[in-house]
> 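Below is the structure I would like to discuss, written out as structure tokens.
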There are 2 protein chains.
Amino acid sequence: MTGYTEKNRMLIAVDCIIFGFDGETVKILLIKRDIEPEKDKWSLMGGFVQAGESIDEAAQNILTSLTGLNGVYLEQLRVFGNPDRDPVERTVSVAYFALIDINKYKKQLNHRFHAEWFPIKEKPPLIFDHEEMVETAKTYVRYKAAHHPLLFELLPKKFTIPQVQSLYEGIFNIQLDNRNFIRKLTAANLLIKLDEKDKLNSKKGAFYFKLDKKRYKTNFPNLLSFIPKGSK
Amino acid sequence: MTGYTEKNRMLIAVDCIIFGFDGETVKILLIKRDIEPEKDKWSLMGGFVQAGESIDEAAQNILTSLTGLNGVYLEQLRVFGNPDRDPVERTVSVAYFALIDINKYKKQLNHRFHAEWFPIKEKPPLIFDHEEMVETAKTYVRYKAAHHPLLFELLPKKFTIPQVQSLYEGIFNIQLDNRNFIRKLTAANLLIKLDEKDKLNSKKGAFYFKLDKKRYKTNFPNLLSFIPKGSK
DNA sequence: TCAAAAGTGTTCGAATTACACCCATGG
DNA sequence: CCATGGGTGTAATTCGAACACTTTTGA
């Protein structure tokens, strides 16, 4: 342990991996970078941590400035700090991921950043080590979602069970038995059935549900398993 | 997203929460701080990230300088970056946790740091936000160990099943049924039985086992559950 | 010989899976 | 009137918790 003198001060950045779901596809929000280096290339939304600001605050501010959204699910992923990750100057970046309902977001987009949603599977190459960040985030979200009802953060206020199922199938890249999925999900006791039906995807129509927020909050740290054991 | 000019450069530190197990108790390694502020108070082992060094390397170097150990389990926990967490100057700290077998460590201790092992339940107050770091690490290790065979990192090369059990009981603060535990553990197929017995704790003696490293590595990311559901 | 820890076997109920089948309805 | 997705019912199986019982051996 050495003293404070003659230490190396560095830039601290925050980069946000913003995931969204539109009812069909899992997407990621990218911006077209407006500064050198790598101007006009696609990048995660990010920024530098300011003097009086905690890192969490910085992440929240960056997210809000782009999406206009507050109260969105935002979690620290991890730090990326290779000495040469930013060619201009040593910059340590703290990656955060956000989960948002795309529809909620659409209207409030700040166009200054030239942001665009890309289906996860068709995203363009990214600058610096942002590819690695996205991969890490995808892996982590999968991991966490296998135990926590995390993915509800991606859904709109009211949603149908088949929608939830296709979200899980998209995230985990698997096929699920809809009959067992329905039962597992309703058994979890997290949903409240509404009277309305969504008739877009079937003639019979699927009932809308909303989250039971109380139970959701209380049960959040508990384990849930929507993924059958046999499916790697 | 703003440019690189006029940015706030900050100190980046690494702090290590070092957990160890001596066969009976889970312990944490602390050092007596030798610089101001808070000189002579207990603290996590830490240091600043140097210019050419990645954060992971910095953490590894710090760990090695204290314990003399390499190849120890070391994982990034998360960043602590409140503006006032270090009273001297804004410092962002990346917390890492390490899991080590205490016996392995004993001989190589670097005495320069006045380090000492404390049973987790009897640790002294710590400086800055180190308490919060330790709490976060404890919670996270519990969480991860509930699904991964993480705790084997704390055990010596050869160990008995009752030892593993008391480790789990210590970490999770629960009592486990030894008969079910034995079966679960052997069913996981991670252990190789040795001929030797440990006779210290019983007259009958308990067989030593060693890890099946191949299976351990391959199965590491898979889920395992040693903790019964009923025990919060 | 007996106390105490290590380890095996057995039972029972809950949870998981696979899958047959019914429901509602727009074209 | 039938194809299509939504949803219920049910049998077969696995899994986990509880617990009776055997084994070993030093004191």
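A, B, ... follow the sequence lines: proteins, then strands. Residue 1 opens every chain.
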> Roughly how many Å is it from CD1 in I174(B) to P in dG16(D), rounded to a whole number?
15 Å
> Whole Å only: how far is the CG atom of D177(B) from the C1' atom of dT11(C)?
14 Å
> Can you tell me how far C1' of dA17(D) sits from CZ of R179(B), to the nearest Å?
10 Å
> Measure the distance from CG on L191(B) to C1' on dG7(C) and round it to the nearest whole Å.
15 Å
> Using a strict cut-off of less than 4.0 Å between a Lys/Arg side-chain nitrogen and an Asp/Glu carboxylate oxygen, indicate whether D40(B) and K32(B) qualify as a salt bridge.
no
> Check DNA chain D against residues 193-207 of chain A and give the residues with a non-hydrogen atom under 4.0 Å, in numerical order.
N201(A), S202(A), K204(A), G205(A), A206(A), F207(A)
> Can we say K27(A) and E122(A) salt-bridge, meaning some charged N sits less than 4.0 Å from an Asp/Glu carboxylate O?
no
> Which nucleotide in the list dG7(D), dA18(D), dG7(C) gets nearest to the side chain of N178(A)?
dG7(D)
> Can you tell me which residue among I28(B), I102(B), I100(B) is in a side chain to side chain contact (heavy atoms under 4.5 Å, CB included) with I18(B)?
I100(B)
> Report yes if some heavy atom in the side chain of F209(A) is under 4.5 Å from a heavy atom in the side chain of I192(A); otherwise report no.
no
> Please report, rounded to the nearest Å, how far the C1' atom of dA18(C) is from the NZ atom of K184(A).
13 Å
> Without decimals, in angstroms, what is the distance between Q175(A) CD and dA18(C) P?
13 Å
> For N180(B) and dT10(C), give me the distance from atom CG to atom P, rounded to whole Å.
15 Å
> Who passes salt bridge (Lys or Arg N to Asp or Glu O under 4.0 Å) against K41(A), sequence neighbours left out?
E38(A)
> Taking all heavy atoms of A206(B) and all of T160(B), pick out the closest pair and write down the distance.
O-CG2, 3.7 Å
> Strictly distance-based, threshold 3.5 Å: is any side-chain N or O of Q175(B) a donor or acceptor partner for the main-chain N or O of E169(B)?
no
> Hey, can you pull the residues of residues 155-163 of chain A with a non-hydrogen atom under 4.0 angstrom from DNA chain D?
P162(A)
> How many whole angstroms separate atom CZ of R183(B) from atom P of dT10(C)?
11 Å
> Of all the heavy-atom pairs spanning F19(B) and L154(B), show the shortest one and how long it is.
O-CD2, 3.4 Å
> Taking only Lys NZ, Arg NE, NH1 and NH2, and the carboxylate oxygens of Asp or Glu, determine whether K123(B) and E131(B) approach each other closer than 4.0 Å.
yes
